[in-house]
Amino acid sequence: MSFPLLTATAALPAIGAIATAAVPARQRTAAKWLALLVSLATLALAVVVLVRFDPDGARYQLTESHAWIRDFGVRYELGVDGIGVALVALTALLIPFIVLAGWHDADPLETGSKRWRPTQGFFALILAVEAMVLISFEATDVFVFYIFFEAMLIPMYFLIGGFGDRAHEHGEQAAATQRSYAAVKFLLYNLVGGLIMLAAVIGLYVVAGNFSLQEIAQARASGTLHMATDTERWLFLGFFFAFAVKAPLWPLHTWLPNAMQEATTPVAVLITAVVDKVGTFAMLRFCLQLFPEASKWATPAILVLALISIVYGALLAVGQRDIKRLVAYASISHFGFIIMGIFAMTSQGQSGATLYMVNHGISTAALMLVAGFLISRRGSRLIADYGGVQKVAPVLAGTFLIGGLATLSLPGLAPFVSEFLVLVGTFTRYPAIGIVATFGIVLAALYTLVLYQRTMTGPVKPEVSAMPDLRPRELLVVAPLIVLLIFLGVYPKPVTDIVNPAVKQTMSDVHKTDPKPSVEAAK
């Protein structure tokens, strides 16, 4: 039997979470280092997965399959395609930076305080989320995917509600109330989506007789498994609703700004750069493969919702006074682009959407983490409390600018390529949708540049006059992300070479081909 590499990649952070939680109470530094070492070891395993994956090989590789609940046809099945392996690598890459960025976020409160923040629990929960996200990207059994899709809500609930942002203008009691509200809202929204999906999972089993993604997809393609039109549409809607909540897609998005605002900065990055990607990934893996006809039937409505997300999220970002809420609404706009690319049903759109998932994770992590370092220095999330930071902390301001420019998809930075592909792929099939979506780019430039202008330029406010620049640990967090943004902006080929074969297979699942150009090239 070959080494179960995918299981090991997900099991390592799970075991690390248990070990970190078991570190003695006063050994907080040891818990931090253990969590960091486990995340780095997981990254090393993810690199092995990436190296061993052959883009031109079988669709699902490094597969594992073992009987689990025989009476219900549940099997422990794992496998990665090009899309899954790219997101496994992204997740494993970001977690060490999240751990480093949160190095002091769960330390004891002010000297003499009787309240202690359980450091071990904070880092253990981060590793637990990583394990569940990784296995969600690897699972090819629908039931196994569902279990971890739902299970990740529990550690996320405690990370949001138990380890909130210390920069709160209304005091600790108000902060605790707001954290509880954000955590409960996050949990309720996602639980409702998960319960609806559970009904669809049960319905799928009744129709197909098993939970294996590959077997069901093959049976559908060969014609041995038939679904009534109404049945397929209802099942599709059950799956899609849960994924749209997780993504999040308008109008199911309202939990995200609250969660990101109240969570610590590393946890906010974990939410939008890692956890939310499970929703858009699942749309590609499960909705399009299992329900191709229903996916095409729902495409016009989903494109309209994605378009609303793009414009609505960007408009609300323009009007935000809170830095973290601004990034949250910007992410809602970006997820609109990703979903639009998926359901444009073109190879350019889906390649761009997959690339966007990777690039958005890196760019949002870079911007949000630098914003977190800024907020921790001033003790305020309000944009109006800053001004002239670039004169006292030029490195912080410079990295903040690069992260912001990546968010607005400036050419030469990674998100530009993915956003361009999404727009091109959408325009070739739905020109009106593509044209209106470009308005989101204009708004992105507005909210990003206004944010930078109000916080970094102008006269130096007295409250920021003594602000220190980025420290070595903070530079270690930000610098690699900036390098990746520039590298993938100039040379995205390593990622596109991995995801393009999987995109072609997904296009084949829904029986779609790219539209021919309406105007022939001049000879």
Side-chain angles (χ1 to χ4, degrees), residues 1-15 42 45-89 91-92 130-152 197-198 200-225 227 235 239 243 278 281-292 498-499 501-502 504-506 508-509:
M1 181 183 296
S2 60
F3 180 73
L5 187 56
L6 296 184
T7 294
T9 306
L12 181 58
I15 296 170
T42 304
L45 283 177
V47 170
V48 175
V49 170
L50 191 61
V51 170
R52 290 189 58 184
F53 183 81
D54 179 10
D56 298 320
R59 180 170 192 172
Y60 292 103
Q61 299 179 33
L62 306 174
T63 55
E64 303 172 30
S65 181
H66 308 282
W68 185 15
I69 308 175
R70 295 180 184 274
D71 291 343
F72 295 100
V74 179
R75 297 185 63 83
Y76 175 77
E77 289 189 347
L78 305 182
V80 286
D81 60 0
I83 299 168
V85 79
L87 294 174
V88 165
T91 302
E130 178 183 22
M132 294 174 187
V133 170
L134 287 173
I135 207 163
S136 297
F137 290 142
E138 298 167 353
T140 56
D141 183 278
V142 177
F143 190 79
V144 172
F145 170 83
Y146 173 77
I147 288 175
F148 290 97
F149 180 82
E150 286 293 276
M152 71 178 72
M197 180 182 169
L198 177 59
V201 169
I202 295 171
L204 179 66
Y205 176 75
V206 171
V207 173
N210 65 78
F211 294 104
S212 173
L213 171 67
Q214 296 184 70
E215 290 183 16
I216 297 172
Q218 289 170 1
R220 297 224 62 192
S222 65
T224 56
L225 173 61
M227 289 188 193
L235 293 177
F239 277 78
F243 303 152
V278 177
F281 162 80
M283 292 178 189
L284 278 165
R285 170 164 284 189
F286 296 100
C287 287
L288 269 60
Q289 281 195 58
L290 295 175
F291 316 110
I498 291 173
V499 303
K504 290 180 181 178
Q505 291 166 328
T506 303
S508 176
D509 290 335

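For reference, positions follow the sequence shown, starting with 1. What's counted below: heavy atoms across the whole structure, side chains too, no hydrogens, waters or symmetry copies.
At least one donor-acceptor pair closer than 3.5 Å links the side chain of Q61 to the backbone N or O of D54. Not one N or O on the side chain of S508 forms a donor-acceptor pair closer than 3.5 Å with the backbone of K504.
With values rounded to the nearest 0.5 angstrom, L198 atom CG is found 4.0 Å from Y146 atom OH. The distance from atom CD1 of I135 to atom OG1 of T7, rounded to the nearest 0.5 Å, is 6.5 Å. Within the model, atoms CZ of F239 and CG of L204 stand 5.0 Å from one another, a figure rounded to the nearest 0.5 Å. To the nearest 0.5 Å, atom OG1 of residue T9 and atom CG of residue L45 are 4.5 Å apart. The CG atom of L213 lies 9.5 Å from the CD atom of Q218; values are rounded to the nearest 0.5 Å. In this structure, CD1 on I216 lies 5.0 Å from CG on N210, to the nearest 0.5 angstrom.
Looking at heavy atoms from C-beta onward, L6 lies out of side-chain contact with V88 at the 4.5 angstrom threshold.
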Discussion item. Show, in sequence, the C-alpha distance, side-chain angles and deciding distance for T140 and T63, and conclude whether the side-chain contact (heavy atoms from CB on, under 4.5 Å) test is met.
Written reply: CA-CA 9 Å; T140 56; T63 55; over 6 Å; no

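Checked against the 6.0 Å centroid threshold, F243 and F149 count as a close aromatic pair.
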Contacts table for residues 281-291: side-chain donor-acceptor under 3.5 angstrom, sequence neighbours left out:
unit_1, atom_1, unit_2, atom_2, d
R285, NH1, F137, O, 3.2
R285, NH1, A139, O, 2.9
R285, NH2, D81, OD1, 3.4
Q289, OE1, Y60, OH, 3.4
Q289, NE2, Y60, OH, 2.7
Q289, NE2, R285, O, 3.2

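Residues satisfying the side chain to side chain donor-acceptor pair (under 3.5 Å) test with R59, not counting sequence neighbours, are D509. Listed by chain and number, the residues in a side chain to side chain donor-acceptor pair (under 3.5 Å) with S65 are R75, E77 (sequence neighbours excluded).
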